[in-house]
Trainee: 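Take this structure, written in structure tokens, and hold onto it; I'll ask about it next.
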Protein chains: 2
Amino acid sequence: MALANKKGATAKLRSAAFKRVRADHSAELAGDYVEMIADLIDERGEARCTDLAMRLGVANATVVKTLKRLTDQGLVTQEPYRAIFLTGDGWKMAEDGKRKHMVVENFLLALGVSADTARIDSEGIEHHVSADTLKAMARFLSRNPIN
Amino acid sequence: MALANKKGATAKLRSAAFKRVRADHSAELAGDYVEMIADLIDERGEARCTDLAMRLGVANATVVKTLKRLTDQGLVTQEPYRAIFLTGDGWKMAEDGKRKHMVVENFLLALGVSADTARIDSEGIEHHVSADTLKAMARFLSRNPIN
DNA sequence: TACAAAGTTTAGCATAGGCTAACTTATATG
DNA sequence: CATATAAGTTAGCCTATGCTAAACTTTGTA
């Protein structure tokens, strides 16, 4: 009995990490979209379907479908055949994501990897970095500035 | 024309990171499964469906379905109602994964995050760390040993 | 040995995230 | 101003990854 409980508890602890990873994954796409929409609006005043598709490397139709989900989630607004906008929540998520992304990418640079690697790896890593780890990265960064 | 080309090239570069992330994700599950199967075999001589399900935090049927894919991919062997084994490729993948996991987790510890955070975050991060970044982490680790 | 419990598998469903092809709308230009 | 081209949308398909419920094997034990 004691053993069974201990086994159960251990498995539960262990499985928590995997559950977190799966949760991260579903949040990830939304984060990437809103960040990119924010970038496009900053750069050129508006975000269009085609630009998103190109930058994400997916088909147009995929973007349309995903945007529908994001609209349902209250992150994005749009009208047919028109540009895409962010809601308040969307902007917040975009900004949080961008800040996080910046820390992770700069951290990798400070660690000594190439700019290309930092750009690519940070894209995958950022969504799995907890607040604690982000703080540790920022601390490292402040002690080991890039050049 | 020159501008159009430049735009296309930039988008292509940018989209590469996202393509990598998507590719990482499909490889990720396989990695987690084989690592865990290897652990179970090491710990208790055999890996069973139920243990995998508990540790991964998913339903039994999900494990069965995934194992079918892994068998098709030549990573795992099994017979109905019997324990699960790894092929040569499976073992190799498990060992590579474990080594990588170890570096990432220890790296996070060396960076100063808690053991719990290191365990959880490393699970998500490891699959997005390129060879270059892994090397940089190992280098940091050798200069900043844990305790 | 027979049967109950534990473990495994199958069937059927849902959602997310991809794709292509066909269609509709907006826009720029001759 | 008419129309060709670019952009956006819809429909329909696929795979991966989850789930529950029901059926089937294995195994330990009365």
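Chain letters run A, B, ... following the sequence lines, proteins first, then strands; residues in each count from 1.
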Trainee: Quick one: do I120(B) and V113(B) end up in the same hydrophobic cluster if we chain Ile, Leu, Val, Met, Phe, Trp and Tyr together by side-chain heavy atoms under 4.5 Å apart?
Mentor: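 The answer is no; the residues belong to distinct hydrophobic clusters.
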Trainee: Can you sort out which residues in residues 62-80 of chain B have a heavy atom within less than 4.0 Å of DNA chain D? Ascending by number, please.
Mentor: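 Going residue by residue through residues 62-80 of chain B, the ones with a heavy atom under 4.0 Å of DNA chain D turn out to be T62(B), K65(B), R69(B).
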Trainee: Tell me every residue that passes side chain to side chain contact (heavy atoms under 4.5 Å, CB included) with A59(A), counting only those two or more places apart in sequence or in another chain.
Mentor: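 Applying side chain to side chain contact (heavy atoms under 4.5 Å, CB included) to A59(A) gives T62(A).
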Trainee: In residues 69-79 of chain A, what donor-acceptor pairs under 3.5 Å come from side-chain atoms, sequence neighbours left out?
Mentor:
{"residue": "T71(A)", "atom": "OG1", "partner": "L67(A)", "partner atom": "O", "Å": "2.8"}

Trainee: Of all nucleotides in DNA chain D that come within under 4.0 Å of a heavy atom of chain A, which is furthest toward the 5' end and which toward the 3' end?
Mentor: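 Nucleotide range in contact with chain A: dA7(D) to dG18(D).
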Trainee: Quick one: side-chain hydrogen bond (donor to acceptor under 3.5 Å, both in side chains) pairs with a partner in residues 84-95 of chain A, sequence neighbours left out?
Mentor: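 Residue pairs passing side-chain hydrogen bond (donor to acceptor under 3.5 Å, both in side chains), neighbours aside: K92(A)-D96(A).
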Trainee: I want to confirm an ordering. Mapping G57(B) and R48(B) to their closest nucleotides on DNA chain D, which one lands closer to the 5' end?
Mentor: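 Result of the comparison: G57(B).
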Trainee: Answer yes or no: is there a side-chain heavy-atom contact under 4.5 Å between E123(A) and R20(B)?
Mentor: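 With C-beta onward as the side chain, the pair stays apart.
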Trainee: Only pairs at least two apart or in different chains count here, so list each ring-ring contact (aromatic ring centres under 6.0 Å, His included) that has a residue in residues 28-64 of chain B.
Mentor: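 Listed by first then second residue: nothing to list.
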Trainee: Please give me every residue in residues 24-39 of chain B whose heavy atoms get under 4.0 Å of an atom in DNA chain C, ordered by residue number.
Mentor: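 Hits under 4.0 Å, by residue number: none.
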Trainee: Just by distance, do the side chain of N106(A) and the backbone of M102(A) share a donor-acceptor pair under 3.5 Å?
Mentor: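 Yes, the answer is positive, given that a donor and an acceptor are paired below the 3.5 Å cut-off.
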Trainee: Kindly state each residue pair satisfying ring-ring contact (aromatic ring centres under 6.0 Å, His included) with at least one member in residues 39-69 of chain B, sequence neighbours excluded.
Mentor: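 Listed by first then second residue: nothing to list.
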Trainee: Mind checking which nucleotides bracket the chain B contacts on DNA chain C, 5' to 3', with an atom under 4.0 Å from a heavy atom?
Mentor: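 It runs dG7(C) to dG18(C).
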Trainee: Provide the full list of salt bridge (Lys or Arg N to Asp or Glu O under 4.0 Å) pairs with a residue in residues 102-111 of chain A, sequence neighbours left out, each pair given once.
Mentor: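 Output for this query is empty, none listed.
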Trainee: With sequence neighbours left out, write down each residue that passes salt bridge (Lys or Arg N to Asp or Glu O under 4.0 Å) with K98(B), or none if nothing qualifies.
Mentor: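 For K98(B) the salt bridge (Lys or Arg N to Asp or Glu O under 4.0 Å) partners, ignoring immediate neighbours, are D39(B), D42(B).
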Trainee: Kindly give the heavy-atom pair with the smallest separation between I84(A) and I41(A), and that separation in Å.
Mentor: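 For I84(A) and I41(A), the tightest heavy-atom pair comes out as O-CD1, 3.9 Å.
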Trainee: Could you tabulate the donor-acceptor pairs under 3.5 Å formed by side-chain atoms of residues 125-142 of chain B, not counting sequence neighbours?
Mentor:
{"residue": "E126(B)", "atom": "OE2", "partner": "H101(B)", "partner atom": "ND1", "Å": "3.0"}
{"residue": "H127(B)", "atom": "NE2", "partner": "D32(B)", "partner atom": "OD1", "Å": "2.9"}
{"residue": "H128(B)", "atom": "ND1", "partner": "D24(B)", "partner atom": "OD2", "Å": "3.2"}
{"residue": "S130(B)", "atom": "OG", "partner": "D121(A)", "partner atom": "OD1", "Å": "3.4"}
{"residue": "S130(B)", "atom": "OG", "partner": "D121(A)", "partner atom": "OD2", "Å": "2.6"}
{"residue": "S130(B)", "atom": "OG", "partner": "T133(B)", "partner atom": "N", "Å": "3.4"}
{"residue": "S130(B)", "atom": "OG", "partner": "T133(B)", "partner atom": "OG1", "Å": "3.3"}
{"residue": "D132(B)", "atom": "OD2", "partner": "T117(A)", "partner atom": "OG1", "Å": "3.4"}
{"residue": "T133(B)", "atom": "OG1", "partner": "D121(A)", "partner atom": "OD2", "Å": "2.6"}
{"residue": "S142(B)", "atom": "OG", "partner": "R139(B)", "partner atom": "O", "Å": "2.8"}

